[in-house]
Amino acid sequence: MSNDVLFDLAFAFAAPFWALLILAPGWRWTDRIAASPLPMVPVIAVYLALAVPVFPQLWAAVSHPDLAGFQELLRLDGGAGAIWAQVIAWDLFLGQWMYREARALRISPLAMGPLLVLTVLLSPIGVLLFLGVRAAVRLRERRASHGHDGTHRRPSTP
């Protein structure tokens with residue numbers, strides 16, 4: 001299989017799972033799939049198919065990282081494809097984690113949809129924004145559970 005086909009397969013394997021996380025939140029199968037590491041397996045297989053042939057250059061780039069080494073790696077079809085597949089697998093892992101966290105914290109799917117799309121496209125920005133939303137929700141919950149939500153609670157009288 002050519003490196004071009006493998007490159008394209010990396011995202012093609014992940015896209016259906018992203019679609020579930022974004023378009024079918026709360027569906028019981030989405031919840032089950034999001035809790036499983038299995039969606040990443042095909043993408044990791046693509047990574048391995050691309051990484052093994054360029055492993056010496058890949059190892060050199062990651063074991064002694066410098067910009068020139070990564071630029072050399074990215075000039076190789078398999079090297080660029082391997083890095084792409086690694087990013088796709090990692091992004092999917094992050095997306096699944098974000099989805100599960102959002103469900104546990106009862107963050108609206110309407111808020112999560114754009115954050116997940118942003119994570120697909122620019123994961124560091126999507127994750128950073130999600131961490132901010134997550135922190136705000138946790139703070140609000142903590143304040144509410146301790147009576148610090150701005151409301152005055154009086155002890156009930158019998």
Side-chain angles (χ1 to χ4, degrees), residues 6-51 58-59 61-67 69-71 73-74 79-158:
L6 288 169
F7 181 91
D8 292 341
L9 281 176
F11 187 74
F13 285 149
F17 300 109
W18 279 108
L20 284 175
L21 298 176
I22 295 165
L23 300 174
W27 184 42
R28 69 183 173 112
W29 282 101
T30 303
D31 289 343
R32 287 181 181 178
I33 290 167
S36 171
L38 293 179
M40 289 177 285
V41 171
V43 182
I44 293 169
V46 169
Y47 166 79
L48 291 172
L50 289 162
L58 178 62
W59 181 253
V62 299
S63 62
H64 301 290
D66 68 350
L67 185 56
F70 272 95
Q71 288 171 330
L73 176 64
L74 292 175
I83 297 300
W84 175 249
Q86 180 176 329
V87 168
I88 296 298
W90 181 247
D91 287 354
L92 185 55
F93 176 78
L94 289 170
Q96 288 178 267
W97 171 77
M98 290 168 57
Y99 173 88
R100 290 190 320 272
E101 282 287 297
R103 299 280 295 154
L105 294 169
R106 295 181 308 276
I107 297 172
S108 167
L110 294 175
M112 282 307 299
L115 289 173
L116 288 168
V117 169
L118 191 55
T119 302
V120 171
L121 301 174
L122 299 166
S123 60
I125 297 169
V127 171
L128 183 62
L129 290 173
F130 174 72
L131 291 174
V133 169
R134 179 177 172 247
V137 168
R138 285 181 162 180
L139 180 62
R140 184 186 68 213
E141 286 181 351
R142 213 171 17 253
R143 286 183 175 170
S145 69
H146 290 90
H148 299 285
D149 59 353
T151 61
H152 297 288
R153 293 195 171 104
R154 283 194 209 149
S156 58
T157 55

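Going from atom CZ of Arg28 over to atom CZ of Arg32 covers 5.0 Å, rounded to the nearest 0.5 Å. Residue Met98 holds its CE atom at 12.5 Å from CZ of Phe93, rounded to the nearest 0.5 Å. Separation of atoms CG (Asp66) and CD (Gln71) is listed at 8.5 Å; rounding is to 0.5 Å. Of the inter-residue distances, the one linking Leu118 atom CG with Met112 atom CE reads 10.5 Å to the nearest 0.5 angstrom. If you take CG on Leu9 and CH2 on Trp84, they are separated by 13.0 Å, rounding to the nearest 0.5 Å. The CZ atom of Phe17 lies 13.5 Å from the CD1 atom of Ile22; values are rounded to the nearest 0.5 Å.
Pairs of residues two or more places apart, or lying in two chains, that qualify as ring-ring contact (aromatic ring centres under 6.0 Å, His included) and include a residue from residues 110-135 are Trp97-Phe130. Applying the ring-ring contact (aromatic ring centres under 6.0 Å, His included) rule to pairs touching residues 105-128 yields nothing, sequence neighbours excluded.
Residues Val117 and Trp18 form no side-chain contact, since every pair of their non-hydrogen atoms from C-beta on lies 4.5 Å or further apart. For the pair Val120/Asp91, no side-chain contact is recorded, criterion being any heavy-atom separation below 4.5 Å from C-beta on. Counting only heavy atoms from C-beta outward, the side chains of Leu105 and Glu141 approach each other to under 4.5 Å. Looking only at side-chain heavy atoms (C-beta outward), Leu20 and Trp29 stay at 4.5 Å or farther from each other. Contact annotation: the side chain of Gln96 approaches that of Pro39 to within less than 4.5 Å [non-hydrogen atoms, C-beta and beyond].
Between Tyr99 and Gly26, the shortest heavy-atom distance links the atoms OH-N, 3.0 Å. In terms of heavy-atom proximity, Leu6 sits nearest to Val46 at O-CG1, 3.2 Å. When all heavy atoms are compared, the tightest approach of Ala51 to Leu58 is CB-CD2, 3.7 Å. Annotation for Ser123 and Leu94: closest pair CB-CD1, 4.4 Å, computed over non-hydrogen atoms. The two residues Phe11 and Ile88 come nearest to each other via the heavy atoms CD1-CD1, 3.8 Å. Ala61 and Leu73 make their closest contact through CB-CD2, 3.9 Å (heavy atoms, listed as atom of the first residue, atom of the second, distance).
Counting heavy atoms of neighbouring residues, nucleotides and ligands inside a 6.0 Å radius, atom CZ of Arg106 does not exceed 12 of them.
Side chain of Ser145 to backbone of Arg142: a donor-acceptor contact under 3.5 angstrom is found. Side-chain atoms of Thr119 come within 3.5 Å of backbone N or O of Leu115 as a donor-acceptor pair.
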